[in-house]
Amino acid sequence: MISVVIPLYNESILVDRLLEAVTQNVRALNEPFEVVCVDDGSTDETLAKLLQFRKEVPEVKVISLSRNFGLQAAITVGLEYAKGGKVIIMDGDLQDPPELIPELLQKMEETNCDVVSAVRNKRMESFTKRFYIKVFHKIFASISEGNQVEQSGNFCLLNRKAVNSILAFSERNRYFPGIRNFIGFQHEFVVYDRADRVEGKAKMTTRKLFSLAADAIYSFSKWPIKACLYLGLLGVVVFLLAIVYTLVSKFTGLAPFGWSSTFLAISFFGSVQLTFLGLIGEYIFRIYKEVQRRPVYLVKQVFGDTENDHEVNSKINPTKRSDA
Ligand code: UDP
Ligand code: MG
């Protein structure tokens with residue numbers, strides 16, 4: 001079976017067009033399929049539209065979350081629910097073209113690989129957004145361990161082995177493209193041109209994108225804390241030189257020296273320490289979030305094989321884990 005996982009947050013204007021295009025492309029493959037739509041706490045008509053579509057196409061499954069948990073959480077729910085041996089993940093704004101689905105499947109068939117990621121060739125979004133994304137991908141690729149793939153987002157095809165491996169990651173700060181590369185296995189690529197979203201505003205606001213970028217960097221790189229260490233070591237060297245200078249001045253009778261050196265030293269070390277405290281705070285905040293072990297998402301209702309019968313069988317949410 002093929003599962004298509006689509007996270008949706010306030011995408012009501014696009015639901016019909018999206019589901020039509022997706023089901024059309026997947027149905028043409030003549031294999032059993034399901035389209036798992038995760039409604040990430042939409043406040044518009046998204047859920048109603050999804051349920052309406054589901055009346056005609058029962059392969060459409062809908063999971064509605066109790067509130068907006070964010071894109072990464074929505075992807076996690078979809079992966080946990082999906083029953084297919086092959087699972088496709090795509091955005092719900094038609095920026096990930098459904099026509100590419102057959103190509104992704106063909107690539108997996110031909111190369112017998114475990115993951116096929118769609119890599120963006122051209123982007124047709126605003127200049128500033130393209131700029132931010134490019135800078136992030138450059139930084140992330142150069143500082144994260146493992147061969148991070150540039151210019152690939154969430155759009156991809158995973159086989160069951162890859163899905164299960166991704167679900168074995170129980171971290172709360174989830175950055176899906178990072179985890180997907182981290183698992184290894186055989187990873188292939190299909191290149192495509194990324195259009196701008198067909199309609200509506202981006203639901204990943206600039207604030208959400210920046211916070212995702214920070215999560216990605218802190219969870220996949222030791223670089224921030226390493227930079228701290230190096231700057232700290234540099235501070236020690238400066239301090240040692242200052243001792244030599246002080247002693248020489250003292251014994252050659254150059255002392256007392258003025259307040260400027262004292263003042264500069266105090267403000268230099270003060271600001272370095274504050275920066276490091278802030279940086280360590282970022283780690284502590286993330287460690288705290290991990291230790292709390294709060295659920296990554298909460299499900300309000302599942303419209304699955306029959307109405308309301310199917311629970312999301314979660315490996316990641318700790319509440320479920322202790323039940324098991
Ligand atoms: N999305 C979501 N929850 C959120 C934000 C976004 O499920 O909190 C969904 C959104 O509906 C869309 C996909 O994630 O289907 C990608 O969002 P968007 O197009 O805003 O992101 P971008 O194209 O800027 O990466
Ligand atoms: Mg988009």
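Atoms within a ligand are numbered from 1 in the order they appear, just like the ligands themselves.
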Under a plain distance cut-off of 3.5 Å, with no hydrogens placed, do Arg120 and Ser152 share a side-chain donor-acceptor pair?
no

Whether Asp40 and Arg67 form a salt bridge (side-chain N of Lys/Arg under 4.0 Å from carboxylate O of Asp/Glu) is what I want to check.
no

Give a yes/no verdict on a cation-pi contact between Arg180 and Phe182, requiring under 6.0 Å between NZ or CZ and the six-membered ring centre and an angle within 45° of the axis.
no

Surrounding OH of Tyr283 (heavy atoms of other residues, nucleotides or ligands, distance under 6.0 Å), is the total greater than 12?
yes

Sphere of radius 2.8 Å around the Mg ion (ligand 2) - protein N, O or S atoms inside:
Asp93 OD2, Gln95 OE1

Greater than 12 external heavy atoms within 6.0 Å of Asp193's CG:
yes

Would Phe185 and His187 satisfy ring-ring contact (aromatic ring centres under 6.0 Å, His included), going step by step from the backbone distance to the final call?
CA-CA 6 Å; Phe185 298 116; His187 197 156; over 10 Å; no

Within the protein, residues bringing a heavy atom under 4.0 Å of ligand 1, chain by chain
Pro7, Leu8, Tyr9, Glu11, Asp40, Asn68, Gly70, Leu71, Asp91, Gly92, Asp93, Gln95, Lys129, Arg194, Arg197, Ala202, Lys203, Met204, Lys208

Going through the distances and angles, do Arg194 and Asp91 end up as a salt bridge (charged side-chain N to carboxylate O under 4.0 Å, His left out)?
CA-CA 12 Å; Arg194 185 167 173 87; Asp91 281 359; 3.3 Å; yes

Could you tell me whether Glu199 and Arg17 make a salt bridge, using a distance below 4.0 angstrom between a side-chain N and a carboxylate O?
yes

Test log, rule side chain to side chain contact (heavy atoms under 4.5 Å, CB included), inputs Ile6 and Met90:
CA-CA 5 Å; Ile6 312 178; Met90 63 189 293; 3.9 Å; yes

